[in-house]
*Asks:* 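Dropping the structure in here first, questions after.
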Amino acid sequence: MFDAEVYNKRVEWYQQARFGMFIHWGIYAIPARGEWVRSVEEMPEEEYMSFFEEFDPIDFQPKKWAKAAKEAGMKYAIMTAKHHDGFCLFDSELTDFKATNTKAGKDLVKEYLEAFREEGLKVGLYYSLLDWHHPDYPHYKDQNHPMRNCEAQKDVDRDFNRYLDYMHGQVRELCTRYGKLDIMWFDFSYGELRGEAWRATELVDMVRGYQPDIIIDNRLEVSGEGFGSLATDNPSVFAGDFVSPEQIIPPQGLKSESGRDLVWEACITMNDNWGYCAKDKNFKPASTIIKKLVECVSKNGNLLLNVGPDARGNIPEESLEILREIGIWMKKNSASIYGCKGSGLPKPENGRITGRGNKLYYHVMENAIGSVPLYGISKDLVKSVRLLSDGSELKVADNWIVNNYPDIAFVDISNSPYLPDAVDTVVEIEMKKMG
Ligand code: GLC
């Protein structure tokens with residue numbers, strides 16, 4: 001049975017945190033054409049194994065990653081312990097296809113967890129339900145498997161339950177050998193393979209048994225497509241704790257069938273790939289990502305921003321630069337992000353609004369002629385207004401120019417035609433009472 005009290009308590013820190021780092025890393029960083037390379041190119045196992053033999057991340061210093069995340073204002077991270085290719089970044093006893101058997105020679109998950117915890121970040125692991133390396137995972141005619149069109153695989157005997165034992169066994173290893181995990185991010189369900197096809201009740205009971213406070217995504221039921229039973233009034237045991245929209249920010253935020261606000265996290269890439277892709281230089285500007293983070297919060301959601309370290313273990317320089325720029329904005333403005341949610345007011349035409357308690361954060365993204373209108377906020381309800389970045393007082397305008405519009409508070413931000421922060425100038429409004 002869904003227990004709202006237990007649930008709300010479990011997701012509390014996560015809803016405060018709002019901003020996290022996704023890390024997609026594996027031997028696919030060598031071909032450097034994204035993490036789906038084996039499937040997209042229908043690459044045979046032998047060819048892919050050459051990357052396993054070659055993998056040697058000499059620059060792997062997870063402390064640097066953790067610092068970059070922390071500096072950007074992120075509060076948690078999620079790294080791929082195993083992606084669809086089946087390669088394990090952790091020292092699983094159940095397979096040889098793992099980091100400890102590469103030139104890396106160490107448990108990369110363990111080092112990641114230690115480094116990020118040390119920076120005070122919450123830690124999560126991504127674990128792929130798909131596995132293109134395991135002999136018992138469906139090959140021929142599976143939608144995604146690299147060997148889906150290979151006739152020779154047609155009559156090979158496979159025992160899916162044996163795969164599930166393996167998969168459950170690995171999840172048990174992750175839940176029992178690495179201390180407290182804050183998030184488990186399963187990926188993903190498709191076709192017939194969803195819910196109990198993964199023996200999901202058993203899996204979730206096991207995970208929660210070892211890690212009672214852990215937060216789980218919704219992909220034991222769905223993928224980026226679909227919301228799952230979490231969006232109904234009768235979520236299943238394996239519905240998970242948050243909806244995981246992918247490469248999109250839900251237009252109106254997300255609500256359950258009966259109108260309850262759902263907990264959600266939009267995962268997005270910085271360029272167009274999750275795993276390292278050498279030729280993909282299509283990076284979004286930091287200004288866009290800052291605005292998208294604000295958008296998520298204004299719609300009660302989180303943003304999980306991806307980095308794809310290269311084969312040496314370096315986060316691409318472009319990504320680091322974006323993180324630095326976000327960090328500069330966050331240092332001054334994070335009070336409008338952490339612990340904040342939507343204001344209940346409609347989106348104003350010149351920006352967005354987030355809020356916490358009796359404070360509203362009005363994100364001005366477009367300048368006005370003269371005093372800046374705070375749409376939806378009436379003058380009488382305003383106690384004080386400050387520029388968040390430096391705490392300086394902003395006066396509510398009272399003159400013939402604005403007085404024709406008595407329902408809107410106008411503030412004087414600056415005499416300059418330019419906003420102090422061209423991306424997002426945050427105005428902190430303390431309300432006498434909420435409108
Ligand atoms: C997808 C992809 C995958 C990526 C994930 C992130 O489901 O299969 O490569 O890890 O989305 O959300």
Side-chain angles (χ1 to χ4, degrees), residues 24 26-28 35-53 55 80-102 107-109 125-177 184-207 209-210 216-217 219-223 237-238 240 275:
H24 277 72
I27 58 175
Y28 45 72
E35 77 290 352
W36 273 74
V37 61
R38 211 193 136 202
S39 171
V40 171
E41 300 179 11
E42 300 187 34
M43 192 186 286
E45 180 83 9
E46 307 76 66
E47 198 180 325
Y48 199 66
M49 287 309 269
S50 72
F51 305 126
F52 175 61
E53 265 122 54
F55 190 60
T80 50
K82 180 192 91 172
H83 207 269
H84 309 332
D85 63 355
F87 175 71
C88 296
L89 278 72
F90 65 107
D91 189 13
S92 171
E93 273 176 38
L94 305 173
T95 182
D96 292 330
F97 195 41
K98 57 180 176 180
T100 35
N101 288 344
T102 65
D107 188 321
L108 304 170
V109 164
L125 295 175
Y126 167 110
Y127 183 85
S128 171
L129 301 169
L130 288 70
D131 194 314
W132 300 331
H133 183 78
H134 198 283
D136 286 310
Y137 198 86
H139 287 45
Y140 188 66
K141 292 282 178 231
D142 174 75
Q143 279 176 42
N144 306 300
H145 198 284
M147 296 294 101
R148 57 192 171 272
N149 294 317
C150 177
E151 294 277 335
Q153 301 289 336
K154 199 168 167 183
D155 301 317
V156 179
D157 225 7
R158 303 183 196 283
D159 179 351
F160 190 60
N161 233 344
R162 201 155 53 196
Y163 169 66
L164 293 182
D165 288 342
Y166 169 82
M167 186 264 269
H168 284 222
Q170 288 205 316
V171 173
R172 175 177 289 107
E173 290 181 325
L174 293 172
C175 288
T176 54
R177 297 183 173 182
M184 182 61 80
W185 217 100
F186 291 115
D187 193 33
F188 59 92
S189 294
Y190 61 103
E192 304 280 290
L193 291 179
R194 58 182 76 240
E196 290 302 8
W198 304 115
R199 298 193 340 226
T201 301
E202 180 192 334
L203 185 66
V204 165
D205 283 348
M206 189 250 295
V207 172
Y210 292 123
I216 305 176
D217 71 341
R219 294 195 178 186
L220 281 167
E221 285 186 340
V222 292
S223 62
V237 176
F238 43 81

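Given the structure is predicted, the values throughout are model-derived calculations rather than measurements.
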*Asks:* How long is the gap from CD on Glu53 to CG on Asn101, to the nearest 0.5 Å?
*Replies:*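 With rounding to 0.5 Å, CD (Glu53) is 11.0 Å from CG (Asn101).
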
*Asks:* Specify whether Phe87 and Phe52 have parallel, tilted or perpendicular ring planes, treating 30° as the upper limit for parallel and 60° as the lower limit for perpendicular.
*Replies:*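 Because their plane-to-plane angle is over 60°, the rings of Phe87 and Phe52 count as perpendicular.
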
*Asks:* Taking atom types as modelled and ignoring hydrogens, do the side chains of Arg38 and Tyr28 form a donor-acceptor contact shorter than 3.5 angstrom?
*Replies:*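 No.
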
*Asks:* Ignoring hydrogens, what is the shortest heavy-atom contact between Asp142 and Arg148? Give both atom names and the distance.
*Replies:*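 Smallest interatomic distance, heavy atoms only, reads O-CB, 3.1 Å.
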
*Asks:* Looking at Leu193 and Trp198, what are the two nearest heavy atoms and their distance?
*Replies:*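 Nearest pair, atom of Leu193 first, then Trp198: O-NE1, 3.3 Å.
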
*Asks:* Nearest 0.5 angstrom please: Met206 CE to His168 NE2, how far?
*Replies:*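 One finds 6.5 Å between CE of Met206 and NE2 of His168.
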
*Asks:* Give me the ring orientation class for His84 and Trp36: parallel if the planes are under 30° apart, tilted from 30 to 60°, perpendicular past 60°.
*Replies:*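 The arrangement is perpendicular - the two ring planes meet at more than 60°.
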
*Asks:* Assess the side chains of Ser223 and Arg194: does a donor N or O sit below 3.5 Å from an acceptor N or O?
*Replies:*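 No, Arg194 and Ser223 have no side-chain donor paired with an acceptor closer than 3.5 Å.
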
*Asks:* For residues Ala99 and Leu108, report the shortest heavy-atom separation together with the two atoms involved.
*Replies:*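 In this case the closest contact between Ala99 and Leu108 is CB-CD1, 3.6 Å.
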
*Asks:* Within the 3.5 Å criterion, strictly below it, is a donor on His24 or Thr80 matched to an acceptor on the partner's side chain?
*Replies:*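 Distance-only check fails for His24 and Thr80.
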
*Asks:* Can you see whether Gln143 engages Tyr190 through a side-chain donor-acceptor pair at a distance of less than 3.5 angstrom?
*Replies:*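 Looking only at side-chain atoms, Tyr190 and Gln143 do not form any donor-acceptor pair under 3.5 Å.
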
*Asks:* Will you find, in the side chains of Asp91 and Thr100, an N or O donor that is under 3.5 Å from an N or O acceptor?
*Replies:*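 Short answer, yes.
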
*Asks:* Within this structure, what is the CG-CD distance for the pair Asp85 and Glu35, rounded to the nearest 0.5 Å?
*Replies:*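 It comes to 9.0 Å.
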
*Asks:* Do Cys88 and Lys82 make a side-chain contact, defined as non-hydrogen atoms from C-beta onward lying under 4.5 Å apart?
*Replies:*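 Cys88 vs Lys82: side chains touch.
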
*Asks:* For the residue pair Phe188 and Asn144, what are the closest heavy atoms and their distance?
*Replies:*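 In this case the closest contact between Phe188 and Asn144 is CZ-ND2, 4.0 Å.
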
*Asks:* Would Leu164 and Met167 count as a side-chain contact (heavy atoms from CB on, under 4.5 Å) if you check the C-alpha gap in whole Å, the side-chain angles of each, and the deciding distance to 0.1 Å?
*Replies:* CA-CA 5 Å; Leu164 293 182; Met167 186 264 269; 3.9 Å; yes

*Asks:* Locate the shortest heavy-atom distance separating Ser92 from Gln170; write the atom from each residue and the value.
*Replies:*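 Closest pair (atom of Ser92, atom of Gln170, distance): OG-NE2, 3.0 Å.
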
*Asks:* Starting at CD of Glu221, measure out to CZ of Phe238 and round the result to the nearest 0.5 Å.
*Replies:*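 Between atom CD of Glu221 and atom CZ of Phe238 there are 5.5 Å.
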
*Asks:* Nearest 0.5 Å, please: how far is CE in Met147 from CH2 in Trp132?
*Replies:*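 The distance works out to 11.0 Å.
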
*Asks:* How far apart are the closest heavy atoms of Leu94 and Tyr166, and which atoms are they?
*Replies:*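 Minimum heavy-atom separation between Leu94 and Tyr166: O-CE1, 3.2 Å.
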
*Asks:* Relative to the ring of Phe160, is the ring of Tyr137 parallel (under 30°), tilted (30 to 60°) or perpendicular (over 60°)?
*Replies:*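 The arrangement is perpendicular - the two ring planes meet at more than 60°.
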
*Asks:* Answer whether the closest heavy-atom distance between the side chains of Val207 and Phe186 falls below 4.5 Å.
*Replies:*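 Side-chain contact under 4.5 Å: yes.
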
*Asks:* Given side-chain contact (heavy atoms from CB on, under 4.5 Å), test Arg158 with Gln153 step by step and report yes or no.
*Replies:* CA-CA 10 Å; Arg158 303 183 196 283; Gln153 301 289 336; 2.5 Å; yes

*Asks:* Check the pair Trp185, Arg219 against side-chain contact (heavy atoms from CB on, under 4.5 Å), reporting the backbone distance first and the verdict last.
*Replies:* CA-CA 8 Å; Trp185 217 100; Arg219 294 195 178 186; 3.4 Å; yes

*Asks:* Using a strict 4.0 Å threshold on nitrogen-to-oxygen distance, state whether Arg172 and Asp165 make a salt bridge.
*Replies:*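 No, Arg172 and Asp165 are not salt-bridged.
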
*Asks:* Calculate, to the nearest 0.5 Å, the distance between atoms CZ and CD belonging to Arg177 and Glu93 respectively.
*Replies:*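 Answer for the CZ-CD pair, Arg177 versus Glu93, is 4.0 Å.
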
*Asks:* Using the test ring pair (Phe, Tyr, Trp, His ring centres under 6.0 Å), find all partners of Tyr48 that sit at least two apart in sequence or belong to another chain.
*Replies:*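 By the ring pair (Phe, Tyr, Trp, His ring centres under 6.0 Å) rule, Tyr48 matches Phe51.
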
